[in-house]
Protein chains: 4
Amino acid sequence: MTRDNASSGSRRPGRQVIVDAAVRCFYKQGYEGSSVRDIAEDAGVTPAALYHYYASKQDLLMDLITRFMASSIDRTEDALRRAGPDPVARLFGAAQSHVLWNASDVASSFIVNSEIRSLSPANREQHIAQRDRLQRLFDTCVEEGCDKGVFTTPWPHEASRAVVVMCTFVARWYRESGPLSPEEIAWRYGHMALSLVGASRGPQFEPPTYESVNGR
Amino acid sequence: MTRDNASSGSRRPGRQVIVDAAVRCFYKQGYEGSSVRDIAEDAGVTPAALYHYYASKQDLLMDLITRFMASSIDRTEDALRRAGPDPVARLFGAAQSHVLWNASDVASSFIVNSEIRSLSPANREQHIAQRDRLQRLFDTCVEEGCDKGVFTTPWPHEASRAVVVMCTFVARWYRESGPLSPEEIAWRYGHMALSLVGASRGPQFEPPTYESVNGR
Amino acid sequence: MTRDNASSGSRRPGRQVIVDAAVRCFYKQGYEGSSVRDIAEDAGVTPAALYHYYASKQDLLMDLITRFMASSIDRTEDALRRAGPDPVARLFGAAQSHVLWNASDVASSFIVNSEIRSLSPANREQHIAQRDRLQRLFDTCVEEGCDKGVFTTPWPHEASRAVVVMCTFVARWYRESGPLSPEEIAWRYGHMALSLVGASRGPQFEPPTYESVNGR
Amino acid sequence: MTRDNASSGSRRPGRQVIVDAAVRCFYKQGYEGSSVRDIAEDAGVTPAALYHYYASKQDLLMDLITRFMASSIDRTEDALRRAGPDPVARLFGAAQSHVLWNASDVASSFIVNSEIRSLSPANREQHIAQRDRLQRLFDTCVEEGCDKGVFTTPWPHEASRAVVVMCTFVARWYRESGPLSPEEIAWRYGHMALSLVGASRGPQFEPPTYESVNGR
DNA sequence: AATGAATGAGGGTTCATTCAT
DNA sequence: AATGAATGAACCCTCATTCAT
């Protein structure tokens with residue numbers, strides 16, 4: 001599964017070639033460590049061509065981050081919608097979906113979570129707003145579970161944060177070549193999230209098949 | 001609590017001034033984003049002076065990372081030693097100590113966890129070895145709990161990883177000005193770690209006082 | 001009074017739009033400081049469109065300069081013709097006309113007098129020839145006055161040069177919003193020119209009305 | 001006579017080498033037309049070395065302009081002081097000195113009078129203040145002559161402006177290889193200035209010798 | 001121990017211009 | 001007549017580093 005940017009406004013092929021190259025470079029060398037020349041070379045174009053699509057290297061980073069975060073939010077909302085009203089199903093679904101998404105584009109996930117510092121103040125602010133929106137989806141989810149007495153954690157806030165962090169950072173170690181499929185990992189993390197909020201002491205959902213997760 | 005570098009070979013005062021400046025710069029602007037001039041200026045010396053203490057900017061980064069990781073390991077080992085044989089107490093203690101350590105130097109923690117990419121291949125390899133050593137302390141801890149039937153998680157490996165990640169990344173959001181003391185946060189995370197491995201459904205350790213934690 | 005380019009070969013409207021934009025840009029930012037993009041944008045066309053009318057940015061500059069200088073010469077010749085044989089009337093008329101012309105298009109005048117350096121060697125040579133032709137009109141005028149004993153300056157050459165310079169550079173400070181009309185200024189400069197060559201010690205021509213000058 | 005910068009704070013030799021090179025480049029190719037590499041090459045240093053002395057190319061231009069204008073003002077004030085109270089002697093002296101100064105460094109004079117556009121807004125403002133101060137020295141001089149009835153021009157303001165312009169722009173055509181010495185030219189322009197304000201109809205000061213002018 | 005001057009390489013970005021459409 | 005995409009060269013400037021003093 002690769003990043004879908006059907007929802008973004010930039011379908012021009014030249015543009016996508018550049019973003020993909022940027023993701024590879026930023027992932028390997030970081031934003032500051034990647035020169036525009038590096039990116040252009042990786043994309044197979046001249047440095048100047050890059051400036052047809054993006055006003056600056058910073059713009060390129062911001063576009064990449066914004067789109068990844070927008071998808072993170074969209075997917076989490078979808079997962080919550082699909083899960084129905086049960087807090088257990090909701091948290092499980094959200095965590096599972098979040099792991100899947102981050103595992104699906106390890107490079108982008110890594111960039112989004114380590115290059116915040118490289119954003120200009122204005123862009124950073126905008127990004128943090130998106131990050132907060134995502135966190136709040138999980139916060140609400142956990143709070144509801146606590147209110148209904150289904151989750152027993154005394155610290156919904158910390159637990160919610162820990163859930164997002166641990167799911168997000170699956171991208172730090174997940175490799176396609178590893179022993180577990182993304183679906184299996186996501187399923188386990190779904191249950192670990194429930195553990196964390198004091199909702200269950202063991203697996204209660206069906207193990208994943210290739211069709212059952214995230215609508216696929 | 002500030003970084004102790006008693007164990008490092010660099011007790012010369014000039015050296016510490018530079019490391020401190022580097023931490024501030026790398027934290028704010030990242031490694032590639034910080035010029036040697038920036039660091040020197042922050043330290044109140046000339047760029048050339050910096051080369052009396054470090055052979056290169058890369059050396060400075062590596063020194064900083066190595067020492068932070070060495071302390072991470074030392075402290076975790078200390079915590080395990082103090083906890084005695086009980087798996088619950090051991091995991092609680094290790095997690096608690098790890099949170100405290102990362103909250104005690106948010107800037108260094110951040111650098112260590114986001115500038116791995118900026119290390120030269122040789123240095124990176126060395127760093128990953130340290131990171132693995134630390135992870136293994138938690139892995140062993142969780143495995144023992146599972147073996148003894150005290151922890152009920154079916155996925156000790158994933159759980160252990162999640163514990164380290166969630167404790168480490170407390171540095172991402174913790175601010176001294178926040179409502180919770182580091183000790184309170186560490187105490188909660190200790191319990192959340194137990195939750196995650198299926199060891200408890202609520203607080204079972206004494207709440208922290210300012211003297212009870214980490215030997216202080 | 002605006003630049004008439006009836007005499008130039010470029011009557012196509014698209015062309016004039018571009019020249020006008022170029023004048024604005026070169027005036028504000030200089031030739032080297034104005035990018036083809038700047039000019040195109042100011043003209044409301046694409047950079048590529050510009051190349052339908054001009055082979056290069058240099059061509060655009062040269063066209064602009066050449067036409068302005070051609071008009072400078074034409075107008076001076078006209079003024080001399082209208083003035084008749086009297087050296088006093090001739091110098092007065094030429095100076096007056098030259099001031100009027102330069103005040104009528106301050107921007108072009110400025111460009112013509114400060115971007116000579118930006119011309120290619122071949123173009124520069126051609127421009128200097130035009131400039132010399134213009135200067136010679138005044139030189140002849142002053143010499144005749146001296147020969148006839150009407151002008152008393154011992155240095156006709158320097159005086160003639162000074163007259164042209166001082167009239168030309170009215171464009172440096174003249175603004176439409178100023179207290180004096182171009183006609184009033186031109187009238188005064190006509191007299192100052194006479195002063196300079198030692199022909200008079202005060203106003204001797206009729207003050208300007210809006211119809212009396214330059215045939216308008 | 002070359003620019004003396006004894007009065008400036010920059011006596012470091014490296015600095016002067018760079019300024020001299022900049023003057024040559026800006027004179028030949030203009031500010032925008034001269035690359036930092038051009039200047040550095042002309043000075044025999046690396047482009048980077050240039051940034052030890054100047055923060056930017058703009059700074060270099062501004063320094064050059066400011067110092068030239070400061071000298072213009074100083075020298076004019078000196079000339080007025082030396083001339084004593086007689087308006088005729090004062091205007092003659094000021095014009096003569098101004099011609100000499102501009103002829104002494106044709107390149108700098110040219111730059112100062114054609115690169116105002118290339119100054120940043122803040123720098124431009126500062127430069128214009130200097131230019132106004134200089135102009136006011138001549139304005140006052142002419143006004144005094146008119147008040148005392150020694151100068152008969154009805155337009156002191158225009159005349160004063162014309163005097164400065166014609167003296168300044170001697171640098172446009174003066175070449176060391178020409179037939180007239182700077183002193184001879186300055187002497188003639190002194191008289192032409194008097195002509196312009198209606199003070200004399202012919203030479204009244206002693207012709208120049210190599211020791212009599214400007215204190216030399 | 002520390003500096004000021006210097007450097008070669010490379011940074012992000014803009015340039016005038018071309019060309020298929 | 002006009003465009004959008006593309007380019008190679010060059011732009012100003014900053015980089016990490018060196019070295020004589």
Side-chain angles (χ1 to χ4, degrees), chain A residues 12-15 17-18 31-40 43-61, chain B residues 12-15 17-18 31-40 43-61, chain C residues 12-15 17-18 31-40 43-61, chain D residues 12-15 17-18 31-40 43-61:
Chain A
R12 279 183 291 169
R15 202 178 173 98
V17 165
I18 290 166
Y31 174 77
E32 303 278 2
S34 305
S35 77
V36 169
R37 272 171 183 85
D38 290 339
I39 300 168
V45 300
T46 19
L50 197 148
Y51 286 88
H52 264 284
Y53 299 98
Y54 291 97
S56 65
K57 190 183 153 193
Q58 169 77 200
D59 257 34
L60 183 42
L61 173 63
Chain B
R12 282 180 288 171
R15 203 179 174 97
V17 166
I18 290 166
Y31 173 77
E32 303 278 3
S34 304
S35 74
V36 170
R37 249 180 184 74
D38 289 339
I39 300 168
V45 300
T46 38
L50 198 147
Y51 286 86
H52 270 283
Y53 299 100
Y54 290 98
S56 65
K57 191 182 151 192
Q58 170 76 203
D59 260 33
L60 183 43
L61 173 63
Chain C
R12 282 179 290 171
R15 202 178 174 97
V17 166
I18 290 166
Y31 174 76
E32 303 278 3
S34 303
S35 75
V36 170
R37 248 178 186 76
D38 288 339
I39 300 167
V45 301
T46 38
L50 198 146
Y51 286 87
H52 271 282
Y53 299 100
Y54 290 98
S56 65
K57 190 182 150 192
Q58 170 76 204
D59 259 33
L60 183 42
L61 173 64
Chain D
R12 281 183 289 171
R15 205 179 172 98
V17 165
I18 290 166
Y31 174 78
E32 304 277 3
S34 304
S35 76
V36 169
R37 261 174 184 80
D38 290 339
I39 300 168
V45 299
T46 18
L50 198 148
Y51 288 88
H52 264 284
Y53 300 99
Y54 291 97
S56 64
K57 190 183 151 191
Q58 169 76 202
D59 257 34
L60 183 43
L61 173 62

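Here is how names work: the chains are called A, B, and so on, in the same order as the sequence lines, proteins then strands, and each is numbered from 1. On a predicted model such as this, the values are computed, not experimentally measured, just so you know.
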> So, C:Tyr31 side chain and C:Gln58 main chain: donor-acceptor pair closer than 3.5 Å or not?
yes
> Side chain of C:Tyr53 only, heavy atoms from C-beta on: which candidate in F:dA1, E:dA6, E:dT7 is closest?
F:dA1
> Closest-nucleotide mapping onto DNA chain F: is C:Pro47 or B:Pro47 further toward the 5' terminus? I mean the 5' end.
C:Pro47
> Taking atom CG of A:Leu50 and atom CZ of A:Arg37, what is their separation to the nearest 0.5 Å?
11.5 Å
> Tell me whether the side-chain N or O atoms of A:Arg37 pair up with the base of E:dG10 as donor and acceptor below 3.5 Å, since no angle test is needed here.
no
> Go nucleotide by nucleotide along DNA chain F from the 5' end; which of A:Val45 and D:Ser35 gets its closest nucleotide reached first?
A:Val45
> With a 4.0 Å limit, can you tell me whether A:Tyr51 has a side-chain N or O closer than that to the phosphate oxygens OP1/OP2 of F:dT7?
no
> Find which nucleotide of DNA chain E each of A:Lys57 and D:Ala49 is nearest to by heavy atoms, and output the residue with the more 5' nucleotide.
D:Ala49
> Would you indicate which nucleotide in F:dG8, F:dT17, E:dG4 comes nearest to any side-chain atom of A:Thr46?
F:dG8
> What nucleic acid atoms does A:Val36 come within less than 4.0 Å of, heavy atoms only: base, sugar-phosphate, or nothing?
base
> Checking C:Asp59 side chain against C:Ser56 main chain: does a donor-acceptor pair fall under 3.5 Å?
no
> What is the distance from CG of D:Asp38 to C1' of F:dC13, rounded to the nearest Å?
15 Å
> Between E:dG12 atom P and A:Ile39 atom CD1, what is the distance in whole Å?
7 Å
> To the nearest 0.5 Å, what is the distance between NZ on B:Lys57 and OG on B:Ser35?
7.0 Å
> E:dG4 C1' sits how many Å from B:His52 NE2, rounded?
13 Å
> What is the pairing partner of E:dA5, taking Watson-Crick or G-U wobble pairs with both distances under 3.5 Å in any strand?
F:dT18
